[in-house]
Amino acid sequence: MGLLLCLPFFLLLSAASPLNDVPNSSCSAKFMDPLRNLNSSGLHLTLHHPRSPCSPAPFPDLPFSAILSHDEARVRSLAARLTKSMPKPVSSLLRPAAISVPLSPGNSIGVGNYITRIDLGTPPKSYVMLVDTGSSLSWLQCSPCSVSCHAQVGSVFNPASSATYRAVSCSASECDSLESATLNPSACSQSNVCIYQASYGDSSFSVGYLSKDTLSLGSGHRVANFVFGCGQDNEGLFGQSAGLIGLARNRLSLLSQLAPSLGYSFSYCLPTTASTGYLSIGSYEPGQYSYTPMLSSSLDDTLYFVRLTSITVGGRGLPVSSSTYTGTPTVIDSGTVITRLPSDVYDALSSAVAAALSGYPRAPAYSILDTCFKGGLSRLAVPAVEMVFQGGATLRLAPRNVMIDVDSSTTCLAFAPSGRVAIVGNKQQETYSVVYDVGRLRIGFAAGGCG
């Protein structure tokens, strides 16, 4: 049921949903810490795969078809952002009164997003957070959860327990910046506190008070007056996390708020379920990367655009024109699982991989994946696949970045066609070190970032 967001607003004072602390997962000693390989400067956080047994907030055990359905919702909502089309909103914390304004979809969130920890408040307390390069505003669930909070690992952030917490007023510049960060207008409470609304394409959302507090990250790095959302109604597919860290190009993102002290860049290595990775903000070792320009687009100035120029299979380029690659905007994204390609490029890739694997029995299509084979990945002689970007930066994909086991008896090509936007997904980025140098407008790739 579509609801409308209305002005003026006031928070519903209904009882909060019951909260149940979820115990941390144990982490096997075989998971090695990749942070030891990073330089000593900058800020380094450990990243976990959302479905890893090492994750502090493992995601519910969903069938892979459900994961692909949510992945497709994220792609549709991202495409809607780029075409400025606004699907009907599905939820609101706020009671209608006078002027109705529809909510914008944002990205689908949750199942594809990697996980880390932050500390917030004075004294600092630890919270498990999703990480998303497609979102700008960071937020987490806050007591008293005036409408609803989902179950999370650990306790919900209590503003009253932090000596440095402050609510942001409606007249503050940060409140004025909300619409560019969330694609939704800000609102104002009866007590003159700015209200944010972060809504996502899979019907998940968070609504609450824009706030400031002291953020603590890594080994003692503290950020006073960190701007974030203090969520009072948080519903949807957020797993057992406390909230979300936004890394998009926007003044309210975590990256932009840390840039004055650490520099305007971040890097990560997205791990498999059998390892841990990292998120590093600030300085990096520039010599290890091959680079492609970080492009801007009037379609959405918060996302990270690149230009894919070719794909090779077994050392041979696909039989498509260069304009077939460049005619569709391409985004690199940490939260989309499966890479989406322009339809003609995908068809050529599918045909080339199928030809290379012609000696193996085919399997029926699985959800959005239509190039599938019987048996597991380990028994296939997967051809070498390379994704080449403007400037020559190349992702040389290992078999696990090309194919994916969708169940115990089927493996499929981990790419899908897309009409309006191409996306470099996290399956293809796994185990690579990827740097986003916003200051120098470049994105770099280096193999072997994590196991």
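Listed here is the closest heavy atom pair of Ala80 and Arg420: N-NH2, 4.4 Å. The nearest pair of heavy atoms linking Val156 to Tyr127 is C-CE2, 4.2 Å. Contact between Ile281 and Leu254 at its shortest, heavy atoms only, is CD1-CD2, 3.8 Å. Scanning all heavy atoms of the two residues, the minimum distance from Tyr278 to Ser267 falls at CE1-OG, 3.9 Å. Residues Leu178 and Cys194 share a closest heavy-atom pair of CD1-SG, 3.5 Å. Across all their heavy atoms, Leu78 and Ile423 have their closest contact at CD1-CD1, 4.3 Å.
In this structure, Arg251 does not pair ionically with Asp176, as no charged nitrogen and carboxylate oxygen lie closer than 4.0 Å. Ion pairing of Asp132 with Arg74 is present here, as a side-chain N (NZ or NE/NH1/NH2) and a carboxylate O approach within less than 4.0 Å.
For the atom pair CD1 (Ile115) and OG1 (Thr276), the distance works out to 13.0 Å, reported to the nearest 0.5 Å. Separating the NZ atom in Lys427 from the CG atom in Asn401 is a distance of 6.5 Å, to the nearest 0.5 Å. We find the CG-NE2 distance between Asn113 and His49 to be 11.0 Å, quoted to the nearest 0.5 Å. Atoms OG and CZ, from Ser206 and Phe238 in turn, are 6.5 Å apart once rounded to the nearest 0.5 Å. A distance of 12.0 Å separates CD1 of Ile245 from CG of Leu255, quoted to the nearest 0.5 Å. For the atom pair OH (Tyr196) and SG (Cys175), the distance works out to 13.0 Å, reported to the nearest 0.5 Å.
Residues Thr324 and Leu318 have side chains not in contact (no heavy-atom distance under 4.5 Å, counting atoms from C-beta outward). By the 4.5 Å heavy-atom criterion applied to side chains, Ser241 and Met129 are not counted as neighbours. The side-chain heavy atoms of Gln232 and Val147, taken from C-beta on, include no pair separated by under 4.5 Å. Using a 4.5 Å cut-off on side-chain heavy atoms (C-beta onward), Ser367 and Glu72 make no contact. Within the 4.5 Å cutoff, side-chain heavy atoms of Ile332 are placed close to those of Phe445. A 4.5 Å side-chain heavy-atom check between Leu215 and Phe228 finds every atom pair outside the cut-off. With a 4.5 Å cut-off on side-chain heavy atoms, Gln390 and Val306 do not count as touching. Contact of the Leu377 side chain with the Pro399 side chain is registered, since non-hydrogen atoms from C-beta on lie closer than 4.5 Å.
Between the Glu386 side chain and the Thr394 main chain, no donor and acceptor come within less than 3.5 Å of each other. Between the side chain of Asp71 and the backbone N or O of Val337, at least one donor-acceptor pair lies under 3.5 Å. Ser409 contributes no side-chain N or O that, together with a main-chain N or O of Asp407, makes up a donor-acceptor pair within less than 3.5 Å. Checked by atom type and distance alone, the side chain of Thr411 pairs as donor or acceptor with a backbone atom of Ile404 at under 3.5 Å. Listed for the Gln240 side chain is no donor-acceptor partner under 3.5 Å among the backbone atoms of Ala151. At distances below 3.5 Å, at least one donor-acceptor pair connects side-chain atoms of Thr339 with backbone N or O atoms of Gly425. The main-chain N or O of Val424 is found under 3.5 Å from a side-chain atom of Gln429 such that the two form a donor-acceptor pair. In this structure, the side chain of Thr302 does not engage the main chain of Arg249 through any donor-acceptor pair within 3.5 Å. For the pair Thr273 (side chain) and Ser52 (backbone), a donor-acceptor distance under 3.5 Å is absent. Here the side chain of Tyr432 pairs a donor or acceptor atom with the backbone of Arg396 at under 3.5 angstrom.
At a cut-off of 3.5 Å, with distance as the only test, no side-chain donor of Asn426 or Ser334 sits close to an acceptor on the other residue. In summary, the side chains of His44 and Ser280 do present a donor paired with an acceptor at a separation below 3.5 Å, with no hydrogens or angles considered. No side-chain donor from either of Ser177 and Ser180 sits under 3.5 Å from a side-chain acceptor of the other. Side-chain atoms of Arg340 and Thr328 form no donor-acceptor pair, as typed in the model, at a separation below 3.5 Å. Checking Ser310 against Tyr325 by side-chain atom types alone, no donor-acceptor pair falls below 3.5 Å. Judged by distance alone, the side chains of Asn250 and Ser253 never bring a donor and an acceptor atom under 3.5 Å apart. Counted by atom type alone, Arg222 and Thr214 present zero donor-acceptor pairs between their side chains at under 3.5 Å.
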Determine whether Thr272 and Thr431 satisfy the following criterion, side-chain contact (heavy atoms from CB on, under 4.5 Å), listing intermediate values before the conclusion. CA-CA 7 Å; Thr272 68; Thr431 74; 3.8 Å; yes
Could you go through the ring-ring contact (aromatic ring centres under 6.0 Å, His included) check for Tyr268 and Tyr114 one step at a time? CA-CA 10 Å; Tyr268 58 58; Tyr114 287 73; 8.0 Å; no
Begin with the C-alpha distance, continue with both residues' side-chain angles, and end with the deciding distance and a verdict on side-chain contact (heavy atoms from CB on, under 4.5 Å) for Leu299 and Val421. CA-CA 11 Å; Leu299 298 173; Val421 59; over 6 Å; no
What do the steps show when you test Tyr284 against Asp437 for side-chain contact (heavy atoms from CB on, under 4.5 Å), and what is the final call? CA-CA 9 Å; Tyr284 63 96; Asp437 190 336; 2.5 Å; yes
Given side-chain contact (heavy atoms from CB on, under 4.5 Å), test Ser418 with Tyr346 step by step and report yes or no. CA-CA 8 Å; Ser418 178; Tyr346 172 76; over 6 Å; no
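Between Phe266 and Tyr436, the ring planes lie parallel to each other; the angle is under 30°, not in the 30° to 60° tilted range.
Of the residues Asn225, Leu210, Leu137, the one that meets the side chain to side chain contact (heavy atoms under 4.5 Å, CB included) test with Glu174 is Leu210.
Heavy atoms of other residues, nucleotides or ligands lying less than 6.0 angstrom from CZ of Arg379 number more than 12. Remark: Arg440 CZ is loosely packed, at most 12 non-hydrogen atoms of other residues, nucleotides or ligands lying under 6.0 Å away.
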